[in-house]
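Counting convention: from 1, in listed order, for ligands and their atoms alike.
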Amino acid sequence: MRFCVAIDGPAASGKGTIARALARHFGFGHLDTGLLYRATGRRVLDGLTPVEAARALRPEDLSRDDLRTAEVGQAASRVAAVPEVRSALLDFQRAFAARDGGAVLDGRDIGTVICPDAEVKLFVTASDEIRARRRMEELAAASQIIAFDDMLADLRARDRRDAGRATAPMRAADDAVTLDTTEMDIATATDAAVAQVAQALTRR
Ligand code: C5P
């Protein structure tokens with residue numbers, strides 16, 4: 001069975017947590033597409049050009065343990081604005097979306113470019129302040145201490161670049177359901193997403 005759930009939204013909106021929970025709940029595969037751009041950005045910091053880095057990406061690069069830093073997030077967002085980088089990563093994402101047994105992909109352009117025919121499209125968002133606080137706590141748990149104001153500025157700079165680029169900018173697909181998680185805890189947000197997917201599955 002092919003069944004694609006496309007989840008987009010800005011950094012630290014909760015989309016990754018929701019994507020993982022949906023994949024677990026329904027037994028679907030999950031691809032965090034941000035990791036593709038982070039792994040590419042990481043290799044650019046190591047000295048490759050963006051296009052070389054994207055073309056040379058191997059599956060094992062996605063499990064590097066140094067991809068979650070703010071520095072790599074910014075590098076990812078810079079390489080993500082390069083059209084040749086995006087096209088080098090397209091086939092892998094589309095093949096994953098078409099896998100048998102169902103797939104959840106989260107990123108910035110999943111509902112608009114990667115899986116425009118996805119059975120479910122969610123756009124997950126939250127206020128800038130709550131996103132900065134969540135990301136700050138996440139990084140602190142990994143012993144990376146960042147001040148709130150710096151975190152807020154970092155997220156806003158990344159969002160501006162992601163939403164403003166010419167190729168595949170971050171935006172909600174016209175037929176996406178928006179989930180604002182500002183006032184929601186994880187369980188409430190996940191339940192809302194599970195309900196959307198369950199409803200789409202009954203329509204098949
Ligand atoms: O989701 P995450 O914060 O890990 O993504 C890192 C960066 O990768 C984003 O800021 C964005 O520039 C880029 N990205 C993208 N398209 C995607 C996923 C991520 O441009 N589908």
Side-chain angles (χ1 to χ4, degrees), residues 4-23 29-45 50-51 53-54 57 61-97 103-116 118 121-126 128 130-139 142 144 146 151-173 176 179 181:
C4 178
V5 181
I7 308 186
D8 292 302
S13 56
K15 63 184 189 310
T17 306
I18 291 173
R20 281 190 298 278
L22 285 178
H30 170 227
L31 180 64
D32 169 359
T33 64
L35 281 181
L36 301 171
Y37 295 92
R38 283 177 181 269
T40 304
R42 176 68 263 173
R43 299 199 73 190
V44 169
L45 294 172
V51 177
L57 212 62
D61 294 327
L62 306 187
S63 31
R64 282 177 69 151
D65 59 7
D66 55 358
L67 301 182
R68 295 278 174 206
T69 64
E71 183 195 20
V72 173
Q74 290 292 351
S77 147
R78 281 192 297 273
V79 299
V82 180
E84 294 80 6
V85 166
R86 304 199 73 85
S87 51
L89 302 176
L90 194 69
D91 287 350
F92 178 77
Q93 295 175 84
R94 291 224 169 117
F96 191 94
V104 185
L105 287 83
D106 70 278
R108 304 290 187 291
D109 62 339
I110 309 301
T112 50
V113 175
I114 305 295
C115 309
K121 294 184 188 178
L122 300 176
F123 192 80
V124 182
T125 181
D128 295 359
I130 202 87
R131 293 189 295 116
R133 182 137 325 270
R134 285 179 191 159
R135 182 50 55 88
M136 206 175 81
E137 285 166 6
E138 233 172 74
L139 290 177
Q144 293 180 53
I146 299 194
M151 193 72 254
L152 191 61
D154 177 80
L155 286 187
R156 284 180 171 157
R158 199 138 70 83
D159 290 348
R160 236 187 341 266
R161 198 181 295 124
D162 290 345
R165 66 182 174 228
T167 308
M170 168 175 72
R171 69 172 182 86
L179 204 57
T181 68

Kindly confirm or rule out an N or O of [X] lying under 3.5 angstrom from an N or O of ligand 1.
X      : value
Arg108 : yes
Asp32  : no
Asp106 : no
Tyr37  : no
Arg165 : yes

Query raised in the report: Within the side chain of Lys121, is there an N or O that forms a donor-acceptor pair under 3.5 Å with the backbone of Thr112?
Result: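 Checked: no pair found.
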Query raised in the report: Quick one: does Lys15 get a heavy atom under 4.0 Å from ligand 1?
Result: yes
Requested in this report: Would you check whether Met170 reaches within less than 4.0 Å of ligand 1, judged by its heavy atoms?
Outcome: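 No, that is not the case, since the closest heavy atom of the residue is not under 4.0 Å from the ligand.
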Counting each atom of ligand 1 from 1 as listed, which ones have a heavy atom of [X] under 4.0 Å away?
X      : answer
Asp162 : 9 (C), 10 (O), 11 (C), 12 (O)
Ala76  : 6 (C), 7 (C), 8 (O)
Ala80  : 12 (O), 13 (C), 20 (O)
Gly107 : 17 (C), 18 (C), 21 (N)

Report task. Determine the sole option in Arg134, Arg131, Lys15 for which the side-chain contact (heavy atoms from CB on, under 4.5 Å) test with Thr181 is passed. Result ->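 The passing option is Arg134.
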Query - side-chain contact (heavy atoms from CB on, under 4.5 Å) partner of Ile114, chosen from Leu105, Leu31, Thr33, Leu89 - result: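 With Ile114 as partner, side-chain contact (heavy atoms from CB on, under 4.5 Å) holds for just one option, Leu105.
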Query raised in the report: Which is it for Arg158 and ligand 1 at heavy atoms under 4.0 Å: side chain, backbone, both or neither?
Result: side chain
Query raised in the report: Between the side chains of Ser77 and Arg161, is a donor N or O closer than 3.5 angstrom to an acceptor N or O?
Result: yes
Requested in this report: Could you list the residues that satisfy side chain to side chain donor-acceptor pair (under 3.5 Å) with Arg94, not counting sequence neighbours?
Outcome: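 None.
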**Report entry** Residues in salt bridge (charged side-chain N to carboxylate O under 4.0 Å, His left out) contact with Arg64, at least two apart in sequence or another chain
**Finding:** Asp46, Asp66
Query raised in the report: Thinking salt bridges, do Arg135 and Asp154 make one under a 4.0 Å N-O criterion?
Result: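 No salt bridge links Arg135 with Asp154.
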